[in-house]
Amino acid sequence: MKYKKKGVSNISIGDSVLIFDIETDGLNTETSLMKWFGAFSFKDNNYYFYTHDEKDQIQTLIDAHKVVVGYNSRDFDIPIMENNGYNFEYKIRIDLMRVLFDPLTRRSVRENIIKVNGKVLKDLLPNHKLKTLGEVLSLSVQKGDIDYKIFYKDEWDEKETSEILKYLYYDVRLTKELFEYFYKEFLPMKEFMSQSDQRKYNWFRTSTGSYTYKVICHKAGIEEEYAEKSKYKKYEGGFVSKPEIEVCKGKIYCLDFSSAYPHSFLMGNLYAHSCKCCKDDEKWHGNDMFKVNGKYCKKKPGKIEEVIKKLYLLRSEYKKNKDPREYALKVILNTLYGISGANIFKNVYSLTTAADCTLIARTMIKFARKKFEQAGYQLIYTDTDSVFLKDVYDDKGRIMKVRDEIIKEIGLSVPFPQETFSMGIDAEIKAIWFFRDYNDELKKKNYLYITSDDKVKIKGLPIIKSDCSKVSRKVMNQLSNEIIRRSDIKFPENYIKDIVYNILKDDITLVANFYKVKDLSQYKSNCIQAQISKEYGAGEHWLVPNKIKGNVGKSKKYCTVIEAAELDLEDLDLKKVWDTELCIFIDDWKHPLFTRRMERAEEKYQKKREQELQKFFDSDLFDSESVGFDISNEEYLKNEIELEME
DNA sequence: GCCTGGTGCATACC
DNA sequence: ACTGGTATGCACCAGGC
């Protein structure tokens, strides 16, 4: 019995692609029997549905296609069908689940480069079920499920058949739409690959690292060889400065190098370490400015450098024309540095090259800092390829002149200066804040700023991390208008407290923290994630930190939102909400650990003072004139703190 | 008992 | 077929006093 249904497709593919899905009587791939087979063919835009007794027709349909596509088909559908006597030899097999992530290694493959409404797909997915994916990507998802008992038999009446067909149709259609989504999303990556990789859909399903390696090898004419994965040495990366000040208001600019790492490669010719056109002692081995470790050809750009340059220029053009292929080139250019530090990518791998790439970038940004400082600008912060500075002269043109000087001087110190290399303005800011840790030191990679056009940008702060409580997020949203209106983020403690308790009054479970945990077997310690996995299973959980309820946690306890229904406000543990999430908005806030340390030092000082005093009273010197201490209280406290911090 | 430092894990920045 | 280092925060745990 064959059912056929006309469908439509919004993409045109040259290949014969078959989308398929099966229904079985169980989940065990060794023993399960396939009961139904559903498919969509891009050859004729038809859906096909068969029962298990139409084996020849199913095989004929498969044979008529070059590419077969399923969801979790690599570990489920195909093994079962093979055990049921079907043949998938020589088929190009695409498992759409594995396009996103690999369930075996639990690594993301492409879910972290797909964006939905500005957010990364990975962060939007609570799990990797096909239905969830359909919902997040706004595809046609059928509501409701089927009772799987229906597949425990071999024949179905008209009503059952209709139910199964409807169910299977929606699943095939969802898989088809997902394929179409990925196809459109990744097609811009296709043309940079070799013919063979294009044919095998490697532009569609490889990790970004593998993709980049394949493209670079193809374009540069290098063998695409792989090495055994091994533990390799680490090397120094980007330079991150401590923030120079806590708050800065006024005209502030964030300047950053355009594609710092690709330009490091180009300007230092860092992949041309084993050229045969010159001897070792004729090569570039750095200078006073760039103390590189490797030796690089200075006669002509290497093969990989030629490719980088070509792709960089092409990207600039695509970017100007809003061509979607711009993104593919961005991925390649940004990933190349990463794979040059991973030994499996044998023929681009070079620790010296990777380390010299970061060294050049570190040197450049430190040089820029020095130059701006010498020119009278106040440095604020630096991370890898960017520098924040205050425009004390209120003269953008002057900054640009200093910038040009920096670029020019860098160009004079490298063997292959690049015209495309520059520094751009990444942000125009009117106020920026940094925050203190428990040692009262300003933290790196954590800041908040307001741009000249009144946009609030937050980097790294706990309040934007995925585990942040909803109550803190709500508070932030309530404050945001006020923050922009006043150009200030600090409020009196009681003001924030009122907002928090007003929110918690209605729902105490909003203090819950978000946890995404793996299967228990994946943990080798009794860490909190392992405890959560053991108690509530792998997956995503909102857990309420509290003092009395729950089997997770030893000092602090965690229970589910449902279990928390019995808790009172006083039972909650609000430490994270106050001391890490909301403290950034509170006037004159000090970390409690730091405060306690100060108090202890004060106590110690008082004790010592009493002792000294006593000693003094007990001594013969009581009558003499040498009364008092040689250092002040503040000085003493400072010394104590420094001693403790060592 | 309290504090400290090391470690594993998760997640952000570049 | 598997991109890198830098950094913070949380909780656990062992070891010192």
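To find a chain, count down the sequence lines: A is the first, B the second, and so on, and within it residues start at 1. Below, each value reflects all heavy atoms present in this structure, side chains not excepted, and no hydrogens, waters or symmetry copies. Since the structure is predicted, the reported quantities are computational estimates derived from the model, not experimental observations.
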Looking only at side-chain N and O atoms, does A:Lys554 come under 4.0 Å of OP1 or OP2 in C:dC13? yes
So A:Tyr523, base contact, sugar-phosphate only, or nothing? Heavy-atom distance under 4.0 Å. sugar-phosphate
Just by distance, do the side chain of A:Ser469 and the backbone of A:Val511 share a donor-acceptor pair under 3.5 Å? no
Hey, does A:Leu461 reach any base, or is it just sugar-phosphate, or nothing, if we go heavy atoms under 4.0 Å? nothing
Taking the nucleotide of DNA chain B with the closest heavy atom to each, which residue, A:Lys459 or A:Lys122, is nearer the 5' end? A:Lys122
Do A:Ser258 and A:Tyr312 come close enough that some side-chain heavy atom pair is under 4.5 Å? yes
Selection from C:dC10, C:dT8, B:dC14 that lies nearest to any side-chain heavy atom of A:Asn446: C:dT8
Kindly indicate whether a cation-pi arrangement holds for A:Arg110 with A:Phe186, taking the cut-offs as under 6.0 Å to the six-membered ring centre and within 45° of the axis. yes
Does A:Lys366 count as lying over the ring of A:Phe239, i.e. NZ or CZ under 6.0 Å from the six-ring centre, within 45 degrees of the axis? yes
Are OP1 or OP2 of C:dG9 and a side-chain N or O of A:Lys575 less than 4.0 angstrom apart? no
Compare side-chain N and O positions of A:Tyr381 against OP1 and OP2 of B:dC13 and report whether any pair is under 4.0 Å apart. no
What contact category does A:Ser210 fall into here, base, sugar-phosphate, or nothing, at under 4.0 angstrom with non-hydrogen atoms? sugar-phosphate
A:Tyr71-A:Phe76 aromatic ring centre distance below 6.0 Å: no
Hey, does the side chain of A:Thr580 come within less than 4.0 Å of C:dC10's phosphate (OP1/OP2), counting only N and O? yes
Return no unless some side-chain N or O of A:Ser466 is found under 4.0 Å from OP1 or OP2 of B:dA12. yes
Paired stems touching DNA chain C, three or more consecutive Watson-Crick or G-U pairs with both distances under 3.5 Å? B:1-14 with C:4-17
Specify the separation, in whole Å, of atom CG of A:Asn202 and atom P of C:dA1. 9 Å
Please list, chain by chain and in numerical order, all residues satisfying side-chain hydrogen bond (donor to acceptor under 3.5 Å, both in side chains) with A:Asp440, sequence neighbours excluded. A:Lys590
For atom NZ of A:Lys465 and atom C1' of C:dA7, their distance in whole Å: 8 Å
Please work out if A:Gly338 contacts a base, only the sugar-phosphate, or nothing of the nucleic acid, heavy-atom cut-off 4.0 Å. base
Would A:Tyr226 count as stacking on C:dA1 if stacking means ring centres less than 5.5 angstrom apart and planes tilted under 30 degrees? yes
Given atom NZ of A:Lys229 and atom P of C:dC2, what is their separation to the nearest angstrom? 9 Å
In whole Å, what is the span from the NZ atom of A:Lys524 to the P atom of B:dA10? 11 Å
I want to check one thing: is the phosphate of C:dT3, taken as OP1 and OP2, less than 4.0 Å away from some side-chain N or O of A:Ser207? yes
Assign A:Phe435 to base, sugar-phosphate, or nothing according to its heavy-atom contacts below 4.0 angstrom with the strands shown. nothing
Heavy atoms only, 4.0 Å cut-off, all strands: where does A:Lys444 land among base, sugar-phosphate and nothing? sugar-phosphate
Which residue lies toward the 5' end of DNA chain C, A:Ser555 or A:Thr358, if each is placed at its nearest nucleotide? A:Thr358
From the set C:dC2, B:dC9, C:dG4, return the single nucleotide nearest to any side-chain atom of A:Tyr235. C:dG4
Check this one for me: any side-chain N or O of A:Gln522 less than 4.0 Å away from OP1 or OP2 of B:dC9? no
Which is true for A:Ser386 with a 4.0 Å heavy-atom rule: it touches a base, it touches only sugar-phosphate, or it touches nothing? nothing
Distance below 4.0 Å between A:Lys518 side-chain N/O and B:dA10 OP1 or OP2: yes
Are the ring centres of A:Tyr558 and A:Tyr515 closer than 6.0 Å? yes
Look at all strands and tell whether A:Phe239 reaches a base, only sugar-phosphate, or nothing, counting heavy atoms closer than 4.0 Å. nothing
Atom CG of A:Asn112 to atom P of B:dA12: distance rounded to whole Å? 12 Å
Separation of atom CZ in A:Phe101 from atom P in C:dA1, rounded to whole Å: 16 Å
With the side chain defined as heavy atoms from C-beta on, A:Lys445 is closest, among C:dC2, C:dA11, C:dT6, to C:dT6
Charged tip of A:Lys490 within 45° of A:Trp589 ring normal and under 6.0 Å: no
Between the side chains of A:His263 and A:Thr420, does any donor sit under 3.5 Å from an acceptor? yes
So, is A:Arg362 close to the C:dG5 phosphate, meaning a side-chain N or O under 4.0 Å from OP1 or OP2? no
At 4.0 Å (heavy atoms only), tell me whether A:Tyr213 reaches a base, stays on the sugar-phosphate, or touches nothing. nothing
What is the separation between atom CE on A:Met193 and atom P on C:dA1, rounded to the nearest whole Å? 13 Å
Quick one: which of A:Tyr449, A:Tyr447, A:Trp433, A:Tyr253 gives a ring-ring contact (aromatic ring centres under 6.0 Å, His included) with A:Tyr381? A:Tyr447
Mind checking if A:Arg205 touches a base, just sugar-phosphate, or nothing, with heavy atoms under 4.0 Å? nothing
